[in-house]
Amino acid sequence: LDKADYEKLEPNTVEAHMVTECGEDRYVIDAIVGENQKSTKGGIGVENLQGSGLIAGETSRAYMETFTLSYITGRSVGIGAYLNRLGQRNIQMVSSPMILT
C-alpha cells in the first residue's frame with residue numbers, strides 16, 4: 001500500500017510495516033485484522049476465515065480417520081467448495097455447482 005491508501009484505513013484493520021523501495025515508501029501488509037469495519041460487524045468478514053480454517057483442518061484429519069461426506073444443496077464457491085472437495089464423497093444437487101476459485 002502507498003502511504004495515502006494506508007492512512008485511509010480505519011485503525012486496527014491491518015498490521016503492516018513500512019519499507020522503502022526505489023525511493024518510495026510503501027506499507028507491506030502482515031495481517032488483516034478486520035476490527036472496526038462495517039463489513040465485520042456481527043461476525044461477518046475476515047474473522048470467518050479463521051473458522052473456515054479450523055473446519056478445513058478437522059475435515060482433513062477426519063479424511064484419514066473415518067468416512068467423510070458432504071451434501072451440497074446450494075452453490076458452493078471458494079472456501080466452501082474447497083471444504084467440500086476435502087471430503088471423500090459428495091452428494092450434489094444438479095442445480096448446485098461447485099466453483100473452485
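Along the sequence shown, the residues carry numbers beginning at 1.
The two residues S70 and N90 have their closest heavy-atom pair at CB-OD1, 3.1 Å.
For the atom pair OG1 (T20) and CZ (R26), the distance works out to 11.0 Å, reported to the nearest 0.5 Å. Note that the CG atom of L83 and the CD1 atom of I55 stand 6.0 Å from one another [nearest 0.5 Å]. For the atom pair OG1 (T59) and CZ (R85), the distance works out to 13.0 Å, reported to the nearest 0.5 Å. Summarising the geometry, atom CG belonging to N84 is positioned 10.5 Å from atom OG1 belonging to T68; distances are rounded to the nearest 0.5 Å.
At a threshold of 4.5 Å between non-hydrogen side-chain atoms, the residues Y27 and D5 do not count as touching. Inter-residue side-chain proximity for K3 and D25 is flagged as unmet; no heavy-atom pair is nearer than 4.5 Å. Looking only at side-chain heavy atoms (C-beta outward), I29 and L1 come within less than 4.5 Å of each other.
Under the 4.5 Å side-chain heavy-atom criterion for ILVMFWY residues, no single connected hydrophobic cluster contains both V28 and L9. Under the 4.5 Å side-chain heavy-atom criterion for ILVMFWY residues, a single connected hydrophobic cluster contains both M18 and Y6. The hydrophobic clustering, which links ILVMFWY residues whose side-chain heavy atoms are closer than 4.5 Å, places F67 and I91 together.
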